[in-house]
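Report on the structure given below.
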Amino acid sequence: MRLSQYYLPTQRETPADAQIASHRLMLRAGMIYQSTSGIYTWLPLGLRVLRKIELIVREEMDKAGGIELLMPTIQSAEVWQRSGRYDSYGKEMLRFKDRHDREMLYGPTNEELITEVFAQHIKSYRDLPKNLYHTQWKFRDEIRPRFGVMRGREFLMKDAYSFDIDYESAKKSYWNMFETYLKIFKRLGLTAIPVRADSGAIGGDLSHEFQILAPAGESTIYYDKAFDLVDFDNEESITQVQHLYAAADEKHDAASCPVSTENLRQAKGIEVGHIFYFGTKYSEPFNAKITTPDGKQVFAEMGSYGIGVSRLVGAIIEACFDGEGIKWPTSVAPFQVGLICAKTHDPKAVGFADAVYAKLLEVGVEVLYDDRDDRPGAKFANMDLIGLPWQVIVGSNAVEKGVIEIKQRVNGSRQELDLTSFINQLVV
RNA sequence: CGGAGCGUAGCGCAGUCUGGUAGCGCAUCACGCUGGGGGUGUGAGGGUCGUGGGUUCAAAUCCCGCCGCUCCGACCA
C-alpha cells in the first residue's frame, strides 16, 4: 500500500480525551475514530489489526474443534424471557422496539440464542461433543465507557459454546478451551495468566479469567512466578499451568496462599478472556435434551468461552509500546514492513524505493510504502508511531551500494542489507 | 446512577470573570529554501463559538432549558 493513496490520518498531538497509552496511540496512529461515547469507527489501519486478531482466534478455534457460525446482533426479548435473564440482566442491555412494537435488544452475549439453535437440531449423544462459536459485535450499555476500545459499549467478541453429554466430557471441553486460549494469547505475542474466577452459577471451580500483564490493567493479580518461565507451546507446560496459583485481588488471601512470598508475583492485568462451565443453566429452559446411549434423555452440559477481540487491540498496545509509539507483535501488525524513501528529491533513490516496493509486494510481504514527498524525520516519526515491526529505509547507500537499511521497531536495531537477504530473513 | 468538569477551525487551546470586528499553535493548500529524526520563510483557505430560548442597541461572553463529551466511584469481554 502506498501511503499517498491510503487513508491514514495520523496526528502529532494527543487528543485531550484519551487517558491511557493505548487509547492515545490508537487515535494518534489513525486506527480509530470515536463516533459517540464508547462506540468507534475502525479506520483502515485499526481494522487490519482487528482482522488479524480475529483470524488467529479463528484458526486456533478451528484447530481445537470449534465450528464457526454467525448469530445476529439483534435478538428478540422472547429468548431472554425464557432464560429469565431479560429481567435480571439490567440496564446494560440495550432494549428497543421494532415497528410492530415487539421488544428487541442488541445482544450482549449469546447463550440463549445458541442454545435455542442447538436444541433445534441436536438430539443424540452421537452428535456430541460440539463447540459452536462466532465472532460478532456485542453491545453492553456500560455506565461509563472509557479507555478507548478497551471498554467500549460496542465491541467485537469471539464467543464459543460447548455442549456435552455429561460433566466429565464437559470438563474435557473446558480444558480444551483453556489450552486453546493459552495458545491464542501466545500467538498474539502476549503473556496471559489464567486466573481462577467465580463461575457465578452452578459451576463449581470451573471458571478462569485470562489476564494480560500490562501496567494499565484494571485488576491486580497475584501469581506464581513459575508462570514467567512457562512456554505455552507444548502440552506438558499447559498441563502444568493448570495447577499453578493465580488469583485476582479480591480472591487472594496472603494468609492462605499456597505460594511462598518470594515465589509470588503481583502485577496489573487486563482481562481479555473468560471461560466457564455452567452445566444445564440454559439447556433446561431451552429444553436442549440429548438422548444417551441407553435411551435416556439428559440436558446438555454447557460451557461458554469469550475473547474480547476488539479489547485485545488495546490490550496488545498496552503491553507493547514506548515513547515513540506502538511496537506491534509481528503476528498482528497491520503491515509487516514500513518502507521509507529518505531521499525523495533524488530520482534514483525514488526509483530504487519503487523497485523495493514492487519486489516486496511480489513476494507477498505486507508493506506500507511512505512515498510522500516529506522530510525523512517526519517519516521516521510517523513510522515509529504506527509501529510496524520492520522499517526499510532507502537512502544514499541504496543508490551507491545497493543496500537498504533495516530497522527493527521492537528494539531499534539497525542493519544494512541487500533486499534479497532481508526478504529471506522475513520469510524465516 | 452519585460527585466533578468541559463543549470556540481537522487536533490542541486562548478569549467568557469585566458584553462591542472570533484569535493562537499544529494540521491543510500555494510558492521558495531545506533534505537522515515531526526544519523554515511568505501567502492563503477553513467557524451556525454544541443547541433552543431569554436579557440587551449589541451575546462566544450574562440568564434559563436541552443535547453531547470527559474525569472520579460501584458493574463488565
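Lettering of chains follows the sequences in order, A, B, ..., and the numbering in each one begins at 1.
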Under 4.0 Å protein heavy-atom contact, by nucleotide of nucleotides 28-37 of chain B - B base, S sugar-phosphate only: ------BBBB
Annotated protein contacts, base or backbone, on nucleotides 2-15 of chain B with a non-hydrogen cut-off under 4.0 Å, one of B, S, - each: ---------BSS--
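Legend: residues meeting side-chain hydrogen bond (donor to acceptor under 3.5 Å, both in side chains) with Asp322(A), ordered by chain and number and at least two apart, are Arg409(A). Applying the side-chain hydrogen bond (donor to acceptor under 3.5 Å, both in side chains) test to Lys63(A) and every residue at least two apart in sequence or in another chain returns Glu60(A). Evaluation of the salt bridge (Lys or Arg N to Asp or Glu O under 4.0 Å) rule for Lys327(A) yields no partner, not counting sequence neighbours. Remark: Glu59(A) pairs with Arg187(A) by the side-chain hydrogen bond (donor to acceptor under 3.5 Å, both in side chains) rule, at least two apart or across chains. The side chain to side chain contact (heavy atoms under 4.5 Å, CB included) test applied to Lys138(A) returns Asn110(A), His134(A), Gln136(A), Phe155(A), Met157(A), Asp159(A), not counting sequence neighbours. In this view, Tyr106(A) satisfies the side-chain hydrogen bond (donor to acceptor under 3.5 Å, both in side chains) rule with no residue, not counting sequence neighbours.
Between Glu78(A) and Arg82(A) no salt bridge is recorded (no basic side-chain N to carboxylate O distance below 4.0 Å).
Of all nucleotides listed (rA77(B), rC1(B), rC69(B)), rC1(B) comes nearest to the side chain of Lys91(A). Among the nucleotides rC1(B), rC76(B), rG39(B), the one closest to the side chain of Arg12(A) is rG39(B).
Between the C1' atoms of rG50(B) and rC67(B), the separation comes to 7 Å (whole Å). To the nearest whole angstrom, the two C1' atoms, one in rA60(B) and one in rG52(B), are 16 Å apart. Straight-line distance between the P atoms of rC69(B) and rG12(B): roughly 15 Å, to the nearest whole Å. Spacing between rC13(B) and rC6(B) at atom C1', rounded to whole Å, works out to 13 Å. The separation of rG32(B) from rU51(B), taken at their C1' atoms, amounts to 45 Å, rounded to a whole angstrom. On the P atoms, rU21(B) is 16 Å away from rC62(B), given to the nearest whole Å.
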Under 3.5 Å, which donor-acceptor pairs do the side chains of residues 212-219 of chain A form with other protein atoms, sequence neighbours left out?
from, atom 1, to, atom 2, distance (Å)
Glu218(A), OE1, Arg151(A), NH2, 3.2
Glu218(A), OE2, Arg151(A), NH2, 2.7
Ser219(A), OG, Gln211(A), OE1, 3.1
Ser219(A), OG, Gln211(A), NE2, 3.4
Ser219(A), OG, Gly269(A), O, 3.3

Only distances under 3.5 Å count here; give the side-chain donor-acceptor pairs of residues 332-347 of chain A to other protein atoms, sequence neighbours excluded, each with its distance to 0.1 Å.
from, atom 1, to, atom 2, distance (Å)
Gln336(A), NE2, Thr330(A), O, 3.0
Thr344(A), OG1, Asp373(A), OD1, 3.0
Asp346(A), OD1, Lys348(A), N, 2.9

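Ser37(A) has a side-chain polar atom (N or O) that falls below the 4.0 Å cut-off from OP1 or OP2 of rU70(B). Remark: Gln19(A) is not in phosphate contact with rC72(B), judged by side-chain N or O atoms under 4.0 Å from OP1 or OP2.
With a cut-off of 3.5 Å on both Watson-Crick or G-U wobble distances, the partner of rA77(B) is given as none. rU42(B) is paired with rA30(B) under the criterion used here, namely a Watson-Crick or G-U wobble arrangement in which both key atom distances are under 3.5 Å.
The nearest heavy atom of RNA chain B to Lys379(A) and to Glu154(A) marks one nucleotide each, and the one closer to the 5' end goes with Lys379(A).
Looking at heavy-atom distances under 4.0 Å, Glu271(A) makes contact with sugar-phosphate atoms alone, never a base. Within the 4.0 angstrom heavy-atom criterion, base atoms lie near Glu92(A). Contact annotation for Arg153(A): no contact, since no heavy-atom pair falls under 4.0 Å across all strands. Nucleic acid contact for Gly314(A): none, since no nucleic acid atom lies under 4.0 Å from a heavy atom of the residue.
Rounded to an integer number of Å, the gap from Asn110(A) CG to rA77(B) P is 14 Å. Rounding to whole angstrom units, CZ of residue Arg151(A) and C1' of rG73(B) are separated by 12 Å. In this entry the distance linking CD1 of Ile20(A) with C1' of rU70(B) reads 14 Å, nearest Å. Rounded to whole Å, the distance from CZ on Phe210(A) to C1' on rC76(B) is 17 Å. Look at NE2 on His274(A): it is 14 Å from P on rC75(B), rounded to the nearest Å. Rounded to an integer number of Å, the gap from Gln34(A) CD to rG68(B) P is 13 Å. The nearest whole Å value for the distance from the CG atom in Leu27(A) to the P atom in rC69(B) is 15 Å. Taking atom NE2 of His208(A) as the reference point, atom C1' of rA77(B) lies 17 Å away to the nearest angstrom.
The aromatic rings of Tyr222(A) and His252(A) lie parallel to each other, their planes meeting at an angle below 30°, with 60° marking the opposite boundary. Between Tyr369(A) and Tyr357(A), the ring-plane angle classifies as tilted under the 30° and 60° cut-offs. Between Trp175(A) and Phe178(A), the angle of the ring planes goes over 60°, which puts this pair in the perpendicular group of the 30/60° scheme.
Residues Tyr282(A) and Ile114(A) form no side-chain contact, since every pair of their non-hydrogen atoms from C-beta on lies 4.5 Å or further apart.
Of the residues in residues 54-72 of chain A, not one comes within less than 4.0 Å of RNA chain B through any heavy atom.
Here ring-ring contact (aromatic ring centres under 6.0 Å, His included) pairs that include residues 46-86 of chain A, with residues two or more places apart or in two chains, are Trp80(A)-Tyr89(A).
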